[in-house]
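In what follows, every chain begins at residue 1, and chains take the letters A, B, ... in the order their sequences are listed. Worth knowing before you read on, the calculation uses all heavy atoms, side chains too, and leaves out hydrogens, waters and symmetry mates.
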Number of protein chains: 2
Amino acid sequence: MGYGNVSERRSAPPQIGVTSVILALESEAHGHARCRLWLPLVQRTREPFKGMWALPGGQLQANRSLEESAFATLASTTDLHPTYLEQLYTFGDPMRSSNGIPMVSVCYWALLDHTDLGAELGTAANAHNVRWFPVDDLPELAFDHTTIVEYALWRLRHRMDAPNVVRQLIAEPFTLGQLRDVVEAVLGEELDLANFRRKMLASHTLEDTGEVAREGRRRPAALYRFADHAEEEGFAFFAEHVAGNPHGARGTLQVDSPDDVLSALMPHA
Amino acid sequence: MGYGNVSERRSAPPQIGVTSVILALESEAHGHARCRLWLPLVQRTREPFKGMWALPGGQLQANRSLEESAFATLASTTDLHPTYLEQLYTFGDPMRSSNGIPMVSVCYWALLDHTDLGAELGTAANAHNVRWFPVDDLPELAFDHTTIVEYALWRLRHRMDAPNVVRQLIAEPFTLGQLRDVVEAVLGEELDLANFRRKMLASHTLEDTGEVAREGRRRPAALYRFADHAEEEGFAFFAEHVAGNPHGARGTLQVDSPDDVLSALMPHA
DNA sequence: CCAAAAGTGTTGATATTACACCCATGT
DNA sequence: ACATGGGTGTAATATCAACACTTTTGG
C-alpha cells in the first residue's frame, strides 16, 4: 500500500477496525478435570507483529453496523454460531498504530454456544491460520490484545449473574451440579452447592423439567432448563436492566448492550 | 464538501467522531429546590438536523487519543476543567449517517467540577451556539443523542457508589447532609440520612476535618473531606475494581475505564 | 452396606431498613 | 422555649456463608 512517509501517515484519517474476543466453554471434561474456556486466535501474516497470534478482526465496512462487522470476524474464524455478543470497549490510542496509521479498534466479546468445541478444534483449526487456545495458556499476543482478552474475561465473570449469559454456556437440560461446575469454571472459585442451589432457585430463572438425570451410582438429579422469562428476571445486579434481543435476526443471537441497558433505551430496536 | 452520489458516499470509509455528554451539578439550590444536573448542547449549523440541539463532538484527529479528542470537545464548549472522563459506548449503525457518510461515534461522559455553574450559564452560554440545559428538561435532540444522554445518566447513577465520581460533584469540605442531597439529586430518590451517614462512615472514604459548619439556627454539622485513599477503597460493588488515575496529566482529571477495570489491566499505565 | 452426589435444615454473622429519640444551636 | 436539621440507638428483617445432616441411587 503506497503511503508516504511516517509523518504523512500519522496525519492520515484513523482506520476503524472491529476486533472480537470469541469465547467458548469446553464441553464438560469427562475426565473430571475442570472444563476451561477457549478462544480462537489468528496468526498474523503481515507486519507489524508478523507471525504472532492476534484476536480476529477486520476493517469496518462502510455499509455494515458495528455488530455486523463483529459478526463477520466470527464467520472468519468459525462456522459455529455465536449466541451472545456485547460491545466491550473502543481502543484508540494513536500509539496503537498499524504501519504508522492511527488505529481505532471497536472491540466485542462473544459467546459461542456450548457446542462441541472438540469438532471445532479439529476443523477450522488447521484449515486456516486459526487456532484455539485455552484462555489460561495463551501465547504472547500482538498489539495490546492481551489486555483486551483479560478485560473480556473480567466482563464475562461479571456477567455470570445474567441468565442470558449463563444459558449460553450450558446445554439444556442440566442438573444444578452441572450448572455450578460451569459457573465455577468461569469464576475460578468454588461454590457451595447448597447455597448455589438456593440462590438459583430463588431467582425464578430456572424451571424443573420433571426429568431426572441418572448417572453413575448415585442419586439422580433433577433436570432444569432456563425459564422463558429468564431474560426479564435476572437474579442480581442486572435485574432491572436486562435487555431482550434487539437484533432479531440470526436466530438465537443475543445482542446485549453494555450493562444491558442501552438497547432498552433504543427507540427503534 | 464535494462528495459523489449517495451510493458512492455510502461506500466511503466511515468517519470517526467523538461525542461527549458533559454533566455538571447545579450549585446547591439555596432556595431549597433540589439541585439538578445540567449539560451543554450545541446548536447544529449544518444539515442534517440543522438548527437542532446536539451533543458536542467532533472528528477524531489522527494524532490524538480518544481521550484527548473527548477532552477537546469539552474545550469547545466550556472553559471549565472536567474532573472525570469515562468512555460510554461506541455507536456505529450505518443509518447514523451524516450526509450519507457512515458515522461511528465514540461517546464519552464527563463530570465537571462542582464549580459555579451559574457563571458558566452566563458566559460561554450565549457567546457561541452553546447552551446549558437541565437534564430533565431537554429539547428534542439531533441524531440518537437522546438515547446517548439517557445512557450516560444511567451510567452516572450506577457510578455513584464510586468515591471518584461522587467527589467530583461536591465541594470540600461538606456536611453529610449536603452529600446526601447531592446523591439524592442524581439518584432521584430519597435516602434515610441516618443510614446514609452510617454507610458513608463505614466506607472509610471520608475523613473528618474537625471543622463544623454553623449555618442557620440549628446544630452545627461536622465537615468532611474525601480521604486520599478513597479511590482504592470504594464502598460497594466496585470496591475491587476502582482504578487510579492512569492519565496522569491535566491536574486532577480522572480517567476511568468502563467498569473501572481496564486501566488496571493496562500494562503501561 | 457403602460411596457419592443430591437435596434439606440450621445456625450465626452481617447488612439493611424503618423509625424513635436525643442534641446543639440561633432566634 | 422551640423549631430545625445533626447525630445516635435499636429492633425487625433480609441476606449470606458455613456446615451438619438426610436421601437416593448403583454397585
Side-chain angles (χ1 to χ4, degrees), chain A residues 28-35 160-161 170 173-185 187-225 233-239, chain B residues 28-35 160-161 170 173-185 187 189-225 233-240:
Chain A
E28 276 129 62
H30 307 287
H32 247 326
R34 184 182 277 176
C35 49
M160 286 303 285
D161 54 0
I170 194 167
F174 49 84
T175 70
L176 282 166
Q178 291 167 338
L179 185 60
R180 183 196 57 164
D181 289 344
V182 166
V183 175
E184 274 185 348
L187 262 44
E189 64 181 296
E190 304 219 326
L191 300 171
D192 182 300
L193 181 54
N195 297 329
F196 178 79
R197 138 187 262 85
R198 267 187 293 258
K199 204 181 292 186
M200 289 306 302
L201 294 179
S203 73
H204 296 280
T205 55
L206 301 182
E207 54 185 37
D208 195 332
T209 63
E211 318 253 321
V212 291
R214 38 188 68 257
E215 177 195 1
R217 59 178 194 201
R218 62 181 180 274
R219 176 174 178 175
L223 285 168
Y224 293 86
R225 71 170 79 87
E233 291 282 347
F235 33 90
F237 181 66
F238 295 101
Chain B
E28 276 128 62
H30 308 286
H32 247 326
R34 184 183 276 177
C35 50
M160 286 302 285
D161 54 359
I170 194 168
F174 49 84
T175 70
L176 282 166
Q178 292 166 336
L179 185 59
R180 184 196 57 161
D181 288 344
V182 166
V183 176
E184 275 185 347
L187 262 43
E189 65 183 293
E190 304 219 328
L191 300 171
D192 182 302
L193 180 53
N195 297 329
F196 177 80
R197 139 187 261 89
R198 268 187 292 259
K199 203 181 293 188
M200 289 306 302
L201 294 179
S203 74
H204 296 274
T205 55
L206 301 183
E207 53 186 38
D208 195 331
T209 64
E211 319 254 320
V212 292
R214 39 189 68 256
E215 177 195 359
R217 58 178 193 201
R218 61 180 181 275
R219 176 175 177 176
L223 286 168
Y224 294 85
R225 72 170 79 89
E233 291 282 348
F235 34 91
F237 180 66
F238 295 100
E240 45 186 309

Could you encode protein contacts along nucleotides 6-11 of chain D as a string, one character per nucleotide from 5' to 3', using B for base contact, S for sugar-phosphate-only contact and - for no contact, with a heavy-atom cut-off of under 4.0 Å? BSBBB-

For A/M200, which of A/V183, A/L179, A/N195 qualifies under side chain to side chain contact (heavy atoms under 4.5 Å, CB included)? A/L179

If you round to the nearest 0.5 Å, how far is CZ of A/R198 from CG of A/L176? 12.0 Å

To the nearest angstrom, the CD-P distance between B/E189 and C/dA18 comes to 11 Å

Rounded to whole angstroms, how far apart are CD on A/E211 and P on C/dA6? 17 Å

Starting from Watson-Crick (N1-N3 plus N6-O4 or O6-N4) and G-U wobble pairs under 3.5 Å, report the runs of at least three that DNA chain C belongs to. C:1-27 with D:1-27

I want to check one thing: is the phosphate of D/dG26, taken as OP1 and OP2, less than 4.0 Å away from some side-chain N or O of A/R214? yes

Write down the distance between CE (A/M200) and C1' (C/dA6), rounded to a whole number of angstrom. 17 Å

I need the A/L187 CG to A/D161 CG distance, nearest 0.5 Å. 9.0 Å

Hey, does the side chain of B/R225 reach the backbone of B/T209 with a donor-acceptor pair shorter than 3.5 angstrom? no

State, to 0.1 Å, how close B/Q178 and B/P173 come at their nearest heavy-atom pair, and which atoms those are. OE1-O, 4.4 Å

Determine, step by step, whether A/L223 and A/V212 satisfy the side chain to side chain contact (heavy atoms under 4.5 Å, CB included) criterion, reporting the C-alpha distance in whole Å, the side-chain angles of both residues, the deciding distance to 0.1 Å, and the verdict. CA-CA 5 Å; A/L223 285 168; A/V212 291; 5.8 Å; no

Restricting to non-hydrogen atoms, name the atom on B/L206 and the atom on B/Y224 that form the minimum distance, rounded to 0.1 Å. CB-CD2, 4.1 Å

For A/F174, give me all partners under ring-ring contact (aromatic ring centres under 6.0 Å, His included), at least two apart in sequence or on another chain. A/F226

Expressed in angstrom and rounded to an integer, what is the separation of B/F196 atom CZ from C/dA18 atom C1'? 17 Å

